[in-house]
Number of protein chains: 2
Amino acid sequence: MASQTSLTEDLNRLAAARNRFTSELAKNVHLYNIKPSAGRLYGTVFFSEKPMTLDEMSREMEMSKTSMSTNIRELLQADMVEQVWEKGVRKDLYKTEDDWYKSFSNVFVTRWSEATEKNKKAICDTKTMLTELMEETEHEEIRERIGGDLSKLDEAEAYYQWLAEVVDLFESGEIFSIVPKKTSGNK
Amino acid sequence: MASQTSLTEDLNRLAAARNRFTSELAKNVHLYNIKPSAGRLYGTVFFSEKPMTLDEMSREMEMSKTSMSTNIRELLQADMVEQVWEKGVRKDLYKTEDDWYKSFSNVFVTRWSEATEKNKKAICDTKTMLTELMEETEHEEIRERIGGDLSKLDEAEAYYQWLAEVVDLFESGEIFSIVPKKTSGNK
DNA sequence: AAGTTCATTCAGAAAAAACTGTACAAAGAG
DNA sequence: CTCTTTGTACAGTTTTTTCTGAATGAACTT
């Protein structure tokens, strides 16, 4: 008995469904400091039934292999994707980390703690520069401005101090005892 | 008695100190979905002794007034900057929100909850599309793939559900009872 | 060793984003 | 009402980012 529905038609619908998700993901990954095209690549690998080679990604995404290489490395560094080994397969194989808590929380923590550290450092440097100038200058108006700047920076510093502790909450996994992981519905 | 230090020299040092902070800020604000140049503008207004007009910003940053207008609106929408009124002044005046917890937490919450909502929506849509296809297709191989996709999406959905609750923690201010605000040193 | 098969490097092309000047409209002053 | 002053829209330019194909070299095969 022949099929009622066309296979290619159904494959198209499958692709369209997957694309709905992947496109949205691509639009939002910049918050994790990842480029849209790397986000699309993530989606592609995510839906793949088995680990993918660079050539397969290239064909699937209709983009150059060079881009696949570049983007997969970005995902690899962010720990969102991992390399897997299969006996007899020479090409590099990649799959996405199954655990979204791991992959996304991790990249979040990494990027934000970097940024927070750098900002704290910058505030510290600025304060040092200002304090030195404060001691050396003889112009009252300069001293006044420095005073104002220093107290503004204190406010900012306090915020970043707080933010650093918040990031720690995620890094240590303590956050999960406050907001528990959700177990996915049909497991 | 004449000054030992040159005024312009000291002003330069002041500017350099401020710039150390502003430049770093500009490099990192993309995590809040704000462009570097808007970040630099924020820094400029932040250090200003008094509220600034678009023309002043333009002069200070050596950029076009058009850009100031565009960027200040971005900051305004993110609630990082507010418009203030002074009697007799026709030009629009802007200052930064003093409370960094307010301005930065707020923009964080806004951008992340938007992103989370959109992703959750996308997952929901994708699941609907897949479920419909599941019911209508007659190809076993398609059904198998859909099955796999659905369980992968469950995992992702659980993560976003969790993330939404985390964002709520910030939105409600509950986070401050877990990680208390730091009071700035010399207040 | 010679010949493949890969991934990656690099320089240039293509695309996207940021920035600017002109033009215009709204609001205020005389 | 006319003449300024001020903010913004828009089109075009500049700058930055992303993408690609050819070249390279490493690793594997025979």
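Values below: all heavy atoms of this structure, side chains included; hydrogens, waters and symmetry mates excluded. Within every chain, numbering begins at 1; the chains are lettered A, B, ... in the order of the sequence lines, protein sequences first and strands thereafter. Just so we're clear, the structure is a prediction, and the values are computed from it rather than from any experiment.
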For DNA chain C, find the residues of residues 36-51 of chain B with a heavy-atom distance under 4.0 Å and give them by number; none if there aren't any.
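Of all residues in residues 36-51 of chain B, the ones placing a heavy atom under 4.0 Å from DNA chain C are Ser37(B).
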So if I take residues 24-34 of chain A and measure heavy-atom distances to DNA chain C, which residues fall below 4.0 Å?
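The answer is none.
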Assign the ring pair Tyr159(B) / Trp100(A) to parallel, tilted or perpendicular, where the plane angle (0 to 90°) is split at 30° and 60°.
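Tilted, since the angle between the ring planes falls between 30° and 60°.
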Determine the minimum heavy-atom distance between Leu75(A) and Ala38(A), stating which atoms define it.
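Looking at all heavy atoms of both residues, the closest pair is CD1-O, 3.6 Å.
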May I ask you to list the residues of residues 64-84 of chain B, by number, that have any heavy atom positioned under 4.0 Å from an atom of DNA chain D?
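Those residues are Lys65(B), Thr66(B), Ser69(B), Arg73(B).
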I want to know whether Tyr42(A) and Phe104(A) have ring centres closer than 6.0 Å.
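Yes, the ring of Tyr42(A) comes within the 6.0 Å limit of the ring of Phe104(A), centre to centre.
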Ring centers of Trp112(B), Phe108(A) separated by less than 6.0 Å
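Yes, the ring of Trp112(B) comes within the 6.0 Å limit of the ring of Phe108(A), centre to centre.
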Go through the steps to decide whether Lys127(B) and Asp154(B) satisfy the test salt bridge (Lys or Arg N to Asp or Glu O under 4.0 Å), and finish with yes or no.
CA-CA 9 Å; Lys127(B) 280 176 140 185; Asp154(B) 282 335; 2.7 Å; yes
Sole residue of Thr110(A), Val109(A), Val166(A) in side-chain contact (heavy atoms from CB on, under 4.5 Å) with Glu171(A):
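Filter result, single survivor: Val109(A).
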May I ask you to check if Lys181(B) and Tyr101(B) form a cation-pi contact, with NZ or CZ under 6.0 angstrom from the six-membered ring centre and within 45° of the axis?
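The answer is yes, since Lys181(B) meets both limits relative to Tyr101(B).
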Checking side-chain polar atoms at under 3.5 Å, does Ser67(B) have a donor or acceptor matched by the opposite partner on Thr70(B)?
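Absent: no donor and acceptor within the cut-off.
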Working for salt bridge (Lys or Arg N to Asp or Glu O under 4.0 Å), residues Glu157(A) and Lys121(A):
CA-CA 10 Å; Glu157(A) 193 171 33; Lys121(A) 180 75 168 51; over 6 Å; no
5' to 3' contact window, DNA chain D with chain B (heavy-atom distance under 4.0 Å)
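Taking any atom under 4.0 Å from a heavy atom of chain B, the span is dT5(D) to dC10(D).
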I'd like to know whether Leu153(B) forms a side chain to side chain contact (heavy atoms under 4.5 Å, CB included) with Phe47(A), so could you lay out the CA-CA distance, the side-chain angles of the two residues, the decisive distance to 0.1 Å, and finally the verdict.
CA-CA 9 Å; Leu153(B) 285 170; Phe47(A) 280 119; 4.1 Å; yes
Any residue meeting salt bridge (charged side-chain N to carboxylate O under 4.0 Å, His left out) with Glu24(A), in chain and number order, not counting sequence neighbours
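Expected list: Arg20(A), Lys27(A).
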Summary of salt bridge (Lys or Arg N to Asp or Glu O under 4.0 Å) pairs that have at least one residue in residues 7-16 of chain B, sequence neighbours excluded
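Passing the test, one end in residues 7-16 of chain B: Glu136(A)-Arg13(B).
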